[in-house]
Amino acid sequence: RVEGLNPGANLLQISDGHGTQKIVLINHPIGGPVFSGPHQQPFVCQTEFSGLEKAVDADCNAPTRVQYFYRSTKKLTPEEAQRQPGRGELGPGYLPLNPSAEMPPDVAVTTTTDGTRLKFIVRVETGTINRGVYRIAFLHQPGQPLPDPWTSTPGWNGRLVYSFGGGCGTGFRQGQTPAPLDLAAVGAGYAAAGSTLDVYGTNANDVINAETLMMVKEYFVKNFGVPVHTIGTGGSGGSIQQYLIAQNYPGLLDGIIPGSSFADHTSVAEPILDCALIGRVASAMKTGLTPEQRLAVSGYGSWGLCESRNGGAPNWMRAAACNASMPKDKVYDPVTNPKGVRCSLQDNEANIYGRDPKTGAAPQIFDNVGVQYGLRAFNDGKISAEQFLELNELIGGFDADGNLGSARSTGDPRALRIAYETGRINTGGGGLGSVPIIDFRRYGDLEGNPHDRMRSAQVRLRLEHANGSATNQVLLVNPARGFNAVRLMDQWLDGIAADKSAGPVLQKIARNKPEDLVDACWGPNEEKITDPKRCDELYPPFQDPRLVAGEPPIGQTEKCALKPLDPKDYRQPLTESQFARVKKVFPHGVCDYNRPGVGEVVARRTWISFGDK
């Protein structure tokens, strides 16, 4: 451990009697950045929501706080069980402990993975790193030494579980609470950590997410020790972070457990925006669509998702939809404040894509030029020619401010190339093929839930396309109560680490997969089923509007290549006047999904820096 570094470049010289080695170390401030690029400005500090004192500087730093909690043996009331933890609290069933006072009589006892029985007392450290609020927790008996890099301490099994939070937000703020820590894992002897800037609902920017993880993990290593394994957990937006960090910044996470997963945020944005457009048009079409036809056009198992959107862009698409914590006089308005803060998804990643020097806007990524909505439904005879035509004539799109218009959305080719090459789109490349993955979800396809089952299958197809195999990924649907993914991942990683044989890493990962880890679903009585046909019968997978329009199941084409219209592509007859209308809707041609999309390549480069201060 090297201490006393100055900010910026430092020369480290090591002599051992046989010679001298020199290396330049770059010391970055605790507030960052390291590789994510210039800090977003303005930026709202929110330390007090996490139980810290008011921030002392513009980087939202605040004094670190250490608290102790214990797991109580008292039975929770229904109200206590439902109550969400407040500022600085740990969660239901965990009570504050004064480590200097007499031990309460209701302290629970826990057994760690190595069989050690300890009082269930948790040390929780809360502080600020990279402008986010982090939390680190592990079992610790007051009065005993803390874990450090040089000694082992009872209560920590040497593993770190890092939690990523869900949602989708567009930055310019610190965030109020980190993702919930895995307290069951803590009780088993694991350390747990997380940060507000690893909550996707606070900041949907996987480069900042990765940088924050790296800096929190570095702090953990320097103060408590090097984890044997670091395991990622988290659902929805938390799954996006895990997949993209494993692809783009390999080595930070040794194994990932994405829940309710999406491959990346474009795989969320595209179908939801398509759904919003279809939902609006379905209500306006003169020819109308029956409930069955609406499902056929959308591809989903439930129309509820498209109905709920009904033409409105989600907040993360709208430039003026900043979080309420941002002062209104600083927020972008096209008329009154055109130079104000823009809070769309692409503007949140302006360090990656750049900005238009005239407007200050980051380039548009969403594109639906050439997309023939409802094509498969038309070819299958589920909608008529008139319905197919009217749907595509009215569909429209969203502009860079998130406003709905009659023109289709046009993605910027340069930005799309950057998105693929730098890994903003999950193509299964980079480091993703060399990390074990347990992907699980609760089934909600018939409930209008956007976390549909086919999203997991898309990642599998991308892994296979990029690496020739997806043996490092296990897909699980509706795991039974008590299923412990962290323990199984830990076992998997132990096996990989102990395997000293030669050969490709993907083979080593596959060879050491625990026997219990196979693709499976669990039935109504929590019986485990490994027959894929039976799982599909119980939990049928569906599609989305873009797949109904002809995109392959891999679903990674953001802007399609175009081809001339061909009457042979339509299995239902079109009159001469109807085909003329098709030409009018698609003057430059329609999507050719037999060719790669604009800028579409497998991401290979990793650890890309987007500049610093």
Side-chain angles (χ1 to χ4, degrees), residues 1-15 20-48 50 52-66 125-136 146 148-150 160 162 171-175 178 193-198 202-203 205-227 230 245 248-252 341 348-352 354-355 422 605-613:
R1 171 170 169 166
V2 179
E3 297 181 315
L5 298 179
N6 295 316
N10 294 261
L11 178 64
L12 176 64
Q13 181 172 299
I14 302 172
S15 300
T20 299
Q21 297 290 330
K22 298 178 181 180
I23 187 173
V24 175
L25 302 179
I26 306 298
N27 186 28
H28 295 267
I30 194 70
V34 179
F35 55 75
S36 66
H39 274 157
Q40 291 179 330
Q41 297 295 347
F43 193 81
V44 178
C45 299
Q46 298 176 299
T47 51
E48 294 160 288
S50 295
L52 295 178
E53 296 177 14
K54 189 174 180 179
V56 298
D57 57 26
D59 282 340
C60 300
N61 290 310
T64 300
R65 182 184 186 189
V66 174
E125 178 179 317
T126 308
T128 51
I129 292 176
N130 202 31
R131 301 205 300 180
V133 175
Y134 74 87
R135 298 187 92 183
I136 293 172
L146 285 170
D148 65 53
W150 322 115
L160 174 63
Y162 200 95
F172 297 96
R173 65 189 182 103
Q174 186 172 42
S195 168
T196 56
L197 290 188
D198 285 316
T202 298
N203 200 318
N205 181 319
D206 70 283
V207 180
I208 293 176
N209 304 147
E211 180 180 74
T212 302
L213 161 64
M214 181 194 72
M215 294 178 72
V216 172
K217 184 175 176 179
E218 181 195 26
Y219 174 85
F220 185 95
V221 167
K222 289 191 294 188
N223 288 275
F224 305 115
V226 181
T230 301
I245 290 171
N248 302 320
Y249 296 94
L252 293 177
V341 176
N348 192 46
E349 297 182 312
N351 285 352
I352 300 165
R355 293 186 183 275
T422 67
R605 295 169 58 207
T606 61
W607 284 94
I608 299 174
S609 174
F610 296 92
D612 57 25
K613 286 183 178 177

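Remark: the backbone N or O of Leu197 is not paired with any side-chain donor or acceptor of Asn203 at under 3.5 angstrom. For the pair Thr47 (side chain) and Ala55 (backbone), a donor-acceptor distance under 3.5 Å is present. The backbone N or O of Asn6 sits less than 3.5 Å from a side-chain atom of Asn10, completing a donor-acceptor pair. Between the side chain of Glu211 and the backbone N or O of Phe35, at least one donor-acceptor pair lies under 3.5 Å. The main-chain N or O of Arg131 is never found under 3.5 Å from a side-chain atom of His39 such that the two would form a donor-acceptor pair.
Residues passing the ring-ring contact (aromatic ring centres under 6.0 Å, His included) test with Tyr134 are Tyr219, sequence neighbours excluded. Among residues two or more places apart in sequence or in another chain, the side-chain hydrogen bond (donor to acceptor under 3.5 Å, both in side chains) test is passed with Thr422 by Arg424. Residues passing the side-chain contact (heavy atoms from CB on, under 4.5 Å) test with Thr196 are Ser50, Val133, Gln174, Pro178, sequence neighbours excluded. With sequence neighbours excluded, the residues satisfying side-chain hydrogen bond (donor to acceptor under 3.5 Å, both in side chains) with Glu3 are Arg1. In this structure, the side-chain contact (heavy atoms from CB on, under 4.5 Å) partners of Val56, at least two apart in sequence or on a different chain, are Asn61, Pro63. With sequence neighbours left out, the side-chain hydrogen bond (donor to acceptor under 3.5 Å, both in side chains) criterion links Asn248 to Asp206. Under the rule for a salt bridge (Lys or Arg N to Asp or Glu O under 4.0 Å), the partners of Arg355 that lie at least two apart in sequence or sit in another chain are Asp347. The side-chain contact (heavy atoms from CB on, under 4.5 Å) test applied to Leu146 returns Arg123, Phe138, His140, not counting sequence neighbours. Asn209 meets the side-chain hydrogen bond (donor to acceptor under 3.5 Å, both in side chains) test with no other residue; sequence neighbours excluded. By the side-chain contact (heavy atoms from CB on, under 4.5 Å) test, Leu11 is found to be paired with Lys22, Val24, residues two or more places apart in sequence or in another chain being considered.
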Practice item. Begin from the C-alpha positions of Lys217 and Tyr162 and carry the test side chain to side chain contact (heavy atoms under 4.5 Å, CB included) through to its verdict. Key: CA-CA 9 Å; Lys217 184 175 176 179; Tyr162 200 95; 5.8 Å; no
Check your understanding: Between Trp607 and Leu252, is a side chain to side chain contact (heavy atoms under 4.5 Å, CB included) present by the stated rule, with each step listed?
Key -> CA-CA 11 Å; Trp607 284 94; Leu252 293 177; 3.9 Å; yes
Review point. Taking it one step at a time, do Glu125 and Phe220 satisfy side chain to side chain contact (heavy atoms under 4.5 Å, CB included)?
Key: CA-CA 11 Å; Glu125 178 179 317; Phe220 185 95; over 6 Å; no
**Study point:** side chain to side chain contact (heavy atoms under 4.5 Å, CB included) between Phe224 and Leu160, intermediate numbers included
**Key:** CA-CA 11 Å; Phe224 305 115; Leu160 174 63; over 6 Å; no
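Atom CG of Asp57 and atom CD1 of Ile30 lie 11.0 Å apart (nearest 0.5 Å). Note that the CD atom of Gln21 and the OG atom of Ser15 stand 9.0 Å from one another [nearest 0.5 Å].
Thr128 is not listed as a side-chain neighbour of Cys60, based on a closest heavy-atom distance of 4.5 Å or more. Side-chain atoms of Val341 and Pro42, non-hydrogen and from C-beta on, do get closer than 4.5 Å to each other. The side-chain heavy atoms of Val207 and Tyr249, taken from C-beta on, include a pair separated by under 4.5 Å.
Closest non-hydrogen pair, Gly175 versus Thr202, comes out as CA-CG2, 3.6 Å. A pairwise comparison of heavy atoms in Ser36 and Ile208 identifies CB-CG1, 3.9 Å as the closest pair.
For CD of Gln41, the number of neighbouring non-hydrogen atoms (other residues, nucleotides, ligands) closer than 6.0 Å is greater than 12.
There is no side-chain donor-acceptor pair under 3.5 Å between Asn351 and Gln40. For Thr212 and Asn130, the side-chain atoms include at least one donor-acceptor pair closer than 3.5 Å.
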